[in-house]
Enquirer: 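Structure below; questions to follow.
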Amino acid sequence: MSAGPDNARVVTLTVNGERVSRRVAARAHLVDFLRDTLDLTGTHVGCEHGVCGACTVRVDGMAVRGCLMLAVQADGAVVETVEGLTDRGAIADLQEAFLARNALQCGFCTPGMLITIAELLEREAAPSRAAIREAISGNYCRCTGYQAIVDAVERTLAARAGRAT
Amino acid sequence: MSEPALSFLDRPNSYIGRSVPRPNARRLVQGRGAYVDDLRLPRMAHVAFLRSPRAHARIVRIDTAAAKAAPGVVAVVTGEDLAGICKPWVAVLSHFKGLRSPPQHPLAIGWLRWAGEPFCAVVAASRAEAEDAVALIDAELEPLPVAVDMEAALAPGATVIHPELGDNLAFERTLDVGDVDAAFRTAAAVVEQTFHVGRHTGVTLEPRALVAEWNPGEEKLTIHHSFQAPHMMQDIVCKHLGLPEASVRVVCGDVGGSFGIKVHIYPDEMATVALAKLLARPVKFVADRLESFVSDIHARDHRVKGRMAVDAAGAILGIEIDDLTGIGPYSVYPRTSAVEANQVVNLVGGPYRHANYRARARVVFQNKTPMCQYRAVGHPIAVMVTEGLVDLAAAAIGMDPAELRRRNVIADDAHPSTAASGIRFEKLSHQRSLEKLLAMMDYDALRREQAALRARGIHRGIGLAAFIEITNPSAAFYGVGGARISSQDGCTLRLNPQGGVVAAIGVTEQGQGTEAVIAQVVATAVGVPLSDVRVVTGDTDATPYGGGTWACRAAGIGGEAAWQSGKALRRNILEAAAVMLQTNAASLDVRDGSIVDADSGAERMKLSEFGRVAYFRPDTLPAGLAPELVVTRHYVPKDYPFAFTNGVQASYVEVDTDTGFVTLIKHWCVEDCGTVINPQLVDEQIRGGIVQGIGAALFEECRYDGQGQMLNGNMADYLVPMAAEMPDIDVAHVVTPTASSEIGAKGAGEAGTAGAPAAVINAINDALRPLGARVDSQPAGPQAILRALGKV
Amino acid sequence: MKAPDFAYARPTVLSEVFDLLDGDGDVRLLAGGQSLVPSLNMRLSAPSLLVDINRLPGLSGIEARDGVVRIGALTRHGEIARSALIAERLPLLAMAAPHIAHAAIRNRGTFGGSIALADPAAEWPACCLALGATMVVASRAGERRVAAGDFFTGLFATALRRGEVLVAIEIASPPAGSVAHFSELARRRGDYAIVGLAAQVARAEDGAMDPRLAFFGVGDRPVLAEATRRVIAGGGGIADAQATLGRDLAPTGDAECAGATKLHLARVLLGRAMAALRTRGDA
């Protein structure tokens, strides 16, 4: 649907399975919309220039930087956040592995990290440690030094492989 | 009454030493954390700041009319407008004799002294509208000459940043112990080097943030703060806003990383508090990333000239250092910005026997972002200087660097001991730690591999770095100097009717696992399942008075308070239960949520039954028996000013001598933090700390131009360590509990950061040594290495 | 920091885009947004109108026709990375794709957006140069084609004129026996390179090489090293080629690296590329 120039407009999209319709300023990026308008505060704002990865969410099944997409661009999209993935149990094993391995400390990077890893888990069955490190190389974590996160991903992969055989 | 066996190690159902998951982490993996920016309050407004575009300028005129008329704007204020609400502060301490710093206001008045200093604030309905209005403030500034480089700032004719102080020297400390000149005269070898440690900053992923709310109806100021020390903030807000203690509550919920960044008083945060008071509505400030880079405290920025004298057998005879550090235009409140240099003086040479030591440290004002304490304050600098000199000395006399360390570390059986700088060690384990490290990394095999690869033109290096770390600080750190920073901490425990225990404690959680560790100690001490313990932290209305979490004090000090409190609660339970069960308390114990016969372990009464009677049927208890089921105990270390820990790290790297790129192959750490309450949490503190140290060694630097403008103040250009370049890190422990407390735990949060930079730089230099090159500046990027190699 | 206020339009036909581009004020096209949106969020750009072209039909996808691979301007980096057609016909692009930022950026950022932005440190412009790509540019007046060598005109500057939209990039399949080489030096995975090299190298039976060497991160735009190409084509060795590179490149320094360092690193990349190509058996 074509839309003429305006500084704010109504968007309709599906967020975590729920259809929502809200008026939003053109300048608002997707994370501010999710957090401030929909109160989905699980997605975090870390830099707003697309580098830290804290705002990573899923749009139409793909992990994207929430701060690098305008909310108006998500009109008609299917958006999923850590709350949605949690509620439908899609990453329950990964979350348990994070807890068991202490793959988070302050937790601020964790939602974006989980979204990024969820995509990796869907795309690759047996990535190496180096491939796991590369997959999360756009998600900044100041606390862990990353090793525990890599371990947690490996454990999740091993458990999934075990279940599959 | 007599105590049952009380060592927690032989307590039944002990949680000490077990890697239990953190009970408060589950909500974080579900996206249900409660960070400051997640908070929405009725009528909440947002503040944005106009920050100085120049490193040094005089404010000629500020016109806020257009900003005030902009959409959504609630208020536009200048420094003068807030001066009446919040008094300025001066960051000096009496035990740093001679330290000077001028008064600092929430918003600068008259002069601007660093690029990024806030001087106007706009409060608006949204952050975006506040920023729109900030852009409409018309400020006329008269540029002034700058003092940026710290050496130049001390030179004659330099621009004096605070004319009333006469020059730019904020603080100087000198020390001269033994006969340094004689030591150097008689040495078999003298090595010297100038080390530079670049300025870097904390880059917490959650920026600094607070929501301040003034309720005139109850005269109560509530501050939701991403912060490490709520009681300290409460005290300071009371003092500078003229409020009684009962009127100020500081709440620290989930904190998205701190590392020392969130323990200081920041002008923009004080301005936010003052604005909430002025406007009588909630005001939120969340630093954006760009302003974080120029307003969060920076750290390091040291140039150290070092010399070391050794005899032919490799014994260290003497050390001399001259440290120069730039701290920006103000000493930071309330800890001051003299601490890092002071630590460098204290810690250089720390792991080693040496009797002759001369040191000078000078702390200089400059027109850059203020510098203050960040993770491992002073340690990485002292370790870099010491370990760099040790490697140079080993090379000078042709000795293996591991062997030279082996010959010089303070012997494990030589404690207690006092270092040349005057710091006192209760008991350290340098020898055992070094041997454990060398075995863990298979040092000899690694040396053989290095030599074999060298023959094929592959340049690998092995770097070692022994270190000591200050933890569990007593009042000697700040209190004696007049800072109202608590070194004691308290823990209040309450047994609830169903047998659960609520623990309220003054130490705080920023992801280290404080709450898990406290829960483990409490569960063990009282005798309840871990899942029955609820820990409350970070609320000045709800917890005992305490210092919060910094300088690695949460487990050692908070843990001991929790232990003592838990023992007292169990004693109270058993005394009452003994009456109810018509036996004596010494024959009973509390285990896994039940009162049991101490010898047989047979259950006598569930705690839930005990709680039911105590709370709902006290009428059935004998007259005079009133069980006290809320107890509080406090702890402060007194016999030593600090509980020093020790450890040693090793780094294995490969240097691409054509590109100057360094590949981190592996990293090892053995450290001794005394009793390990939760091994996994300790190991992850070490790993995270090491990666921050690697960041300092290779990547992170706040770069400035000659006009005091930070050139890389964004996350694309300021290089933090990311996953792909980091090595796997092996961690092991030697356990030497401190006798200062019963639990014997010392801190572990800064050890990684203390030693990693030196290990990595030494490894690079080990790789470069046959090529006649070395690097002594951090971060050591490709260009620095290529220049050292003479290739560019 | 929050973006300044601006208007937003999302046309669904190209003619509407041209109308909007004709309007007053600072009108900017929004494609993947992975560079534009950060600049908005830092208030480094303050457009009056963003024209979101993401939903224009026909601007996305990869197809082969008439010996040419046509890549729609809105094709995402990730699509190129995963495309079997690209891997087979234009392996240089497949090699370069993983170096572009990180997965979440590649899922959103577009091929055409990167080329139209013309960041001198970006991978795609250099690849286009090495491959001799042709930019397909549309305007109300119709389509025109611009050779990659004429397209990049300066720092973030291109041959695109006001009112024009980059709609596709056409790349002829390299001749049989030609091999691709891609390498870059970045401090961290996904960072913009300090220096990078995208090369498409024709090789004769006798092993003689004729390389199109596009360096990036070395100045205000990607640079095709023509003098070096001639030296190599003429049978020059690695040292000769490295020495000659100084005639092709005059890198400007940045905060991380001086120009001389960049030239040194470019020479290292060149030497390693030549060594690798000589030992590669897939010609």
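These numbers were taken from a predicted model, which means no experiment stands behind them. Residue numbers begin at 1 in each chain, while the letters A, B, ... track the order of the sequences.
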Enquirer: Taking all non-hydrogen atoms of both residues, which atom of B/Y35 and which atom of A/F108 are closest, and how far apart?
Expert: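 In this case the closest contact between B/Y35 and A/F108 is OH-N, 3.4 Å.
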Enquirer: Counting heavy-atom pairs under 4.5 Å with chain A, which one of B/S258, B/A128, B/G752 comes out on top?
Expert: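 Of the candidates given, the most pairs with chain A belong to B/A128.
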Enquirer: Please report the interatomic distance CD(B/Q685) to CG(A/N102), rounded to the nearest 0.5 Å.
Expert: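 Atom-to-atom, B/Q685:CD and A/N102:CG are 8.5 Å apart.
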Enquirer: In terms of heavy-atom proximity below 4.5 Å to chain B, should A/T110 be classed as side chain, backbone, both, or neither?
Expert: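 The answer is the side chain of A/T110.
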Enquirer: Among B/E206, B/R27, B/R127, which residue has the highest count of heavy-atom pairs closer than 4.5 Å to chain A?
Expert: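 Top count of heavy-atom pairs under 4.5 Å with chain A: B/E206.
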Enquirer: So which part of B/V255 gets closer than 4.5 Å to some heavy atom of chain A, the side chain, the backbone, both or neither?
Expert: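 For B/V255, backbone heavy atoms alone lie under 4.5 Å from chain A.
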Enquirer: Identify which of B/G513, B/G256, B/S292 forms the greatest number of heavy-atom pairs closer than 4.5 Å to chain A.
Expert: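 Ranked by contacts with chain A, first place is B/G256.
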Enquirer: To the nearest 0.5 Å, tell me how far B/H46 NE2 sits from A/D36 CG.
Expert: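 Answer rounded to 0.5 Å: 7.0 Å.
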Enquirer: Is there a salt bridge (charged side-chain N to carboxylate O under 4.0 Å, His left out) between B/R32 and A/D39? Walk through the geometry before answering.
Expert: CA-CA 11 Å; B/R32 295 176 189 277; A/D39 285 334; over 6 Å; no
Enquirer: So, taking the atom named SG in A/C47 and the one named CE in B/M715, what distance separates them when rounded to the nearest 0.5 Å?
Expert: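 So the gap between those two atoms works out to 6.0 Å.
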Enquirer: Keeping the roles fixed (side chain from A/Q147, backbone from B/I729), state whether a donor-acceptor pair exists under 3.5 Å.
Expert: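 At least one qualifying donor-acceptor pair exists.
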Enquirer: What residue, out of B/L205, B/L28, B/T204, has the most heavy-atom pairs lying under 4.5 Å from chain A?
Expert: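 Looking at each of B/L205, B/L28, B/T204 in turn, B/L205 comes out on top.
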Enquirer: For chain B, which candidate among A/M113, A/E48, A/H49 shows the most heavy-atom pairs at distances under 4.5 Å?
Expert: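 Looking at each option in turn, the highest pair count goes to A/H49.
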Enquirer: Among B/G31, B/A723, B/G511, single out the residue with the greatest number of heavy-atom pairs under 4.5 Å to chain A.
Expert: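 Between B/G31, B/A723, B/G511, the count favours B/A723.
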Enquirer: Kindly indicate, with the supporting measurements, whether the criterion salt bridge (charged side-chain N to carboxylate O under 4.0 Å, His left out) is fulfilled by A/R27 and B/E129.
Expert: CA-CA 11 Å; A/R27 63 164 150 174; B/E129 287 169 316; 5.8 Å; no
Enquirer: Does any backbone or side-chain atom of B/P721 lie under 4.5 Å from a heavy atom of chain A? Answer side chain, backbone, both or neither.
Expert: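 When you check distances to chain A, atoms from both the backbone and side chain of B/P721 fall under 4.5 Å.
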Enquirer: So which part of B/D37 gets closer than 4.5 Å to some heavy atom of chain A, the side chain, the backbone, both or neither?
Expert: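 The answer is both parts of B/D37.
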Enquirer: Identify the two heavy atoms, one from A/C106 and one from B/G257, that lie closest to each other, and give their separation to 0.1 Å.
Expert: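 The answer is CB-N, 3.2 Å.
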Enquirer: Specify which of A/T43, A/T86, A/D87 makes the most heavy-atom pairs with chain B at under 4.5 Å.
Expert: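 Counting heavy-atom pairs under 4.5 Å, the top option is A/T86.
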Enquirer: Verify side chain to side chain contact (heavy atoms under 4.5 Å, CB included) between B/Q680 and A/R101, making sure each step is shown before the conclusion.
Expert: CA-CA 8 Å; B/Q680 179 160 267; A/R101 183 58 189 84; 3.5 Å; yes
Enquirer: Name the region of B/Q510, side chain, backbone, both or neither, that has any atom closer than 4.5 Å to a heavy atom of chain A.
Expert: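 The backbone, not the side chain.
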Enquirer: At a heavy-atom separation under 4.5 Å, does B/D288 approach chain A through its side chain, its backbone, both, or neither?
Expert: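 For B/D288, the contact with chain A is made by the side chain alone.
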Enquirer: Quick check against the 3.5 Å criterion: does B/R26 have a side-chain atom that pairs as donor or acceptor with the backbone of A/L99?
Expert: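 No.
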Enquirer: Just give me the residue among A/C143, A/P111, A/G42 that pairs up with chain B most often, heavy atom to heavy atom, under 4.5 Å.
Expert: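 Looking at each option in turn, the highest pair count goes to A/C143.
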Enquirer: Would you say B/D728 and A/R133 make side-chain contact, with heavy atoms under 4.5 Å?
Expert: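 Side chain of B/D728 against side chain of A/R133, heavy atoms only: contact under 4.5 Å found.
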Enquirer: Does the side chain of A/E96 reach to within under 4.5 Å of the side chain of B/V29, using non-hydrogen atoms?
Expert: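 Result no, sub-4.5 Å side-chain heavy-atom pair not found.
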Enquirer: So what's closer than 4.5 Å to chain B heavy atoms on A/F98: side chain, backbone, both or neither?
Expert: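 Just the side chain, heavy atoms under 4.5 Å.
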Enquirer: Evaluate the side-chain proximity of A/L104 to B/R22: yes if any heavy-atom separation is below 4.5 Å, no if none is.
Expert: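 They are in contact (side-chain heavy atoms under 4.5 Å apart), so the answer is yes.
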Enquirer: Which bit of B/R40 comes within less than 4.5 Å of chain A, counting heavy atoms only: side chain, backbone, both or neither?
Expert: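 Contact with chain A: side chain only.
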Enquirer: Heavy-atom distance under 4.5 Å to chain A: side chain of B/V691, backbone, both or neither?
Expert: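 Side chain of B/V691 only, per the 4.5 Å heavy-atom cut-off to chain A.
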Enquirer: Using a cut-off of under 4.5 Å on heavy-atom pairs, state which of A/E134, A/Q105, A/Q95 scores highest against chain B.
Expert: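 Looking at each option in turn, the highest pair count goes to A/Q105.
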Enquirer: Does any non-hydrogen side-chain atom of B/R687 lie less than 4.5 Å from one of A/Y146?
Expert: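 The answer is no; the side chains never approach within 4.5 Å.
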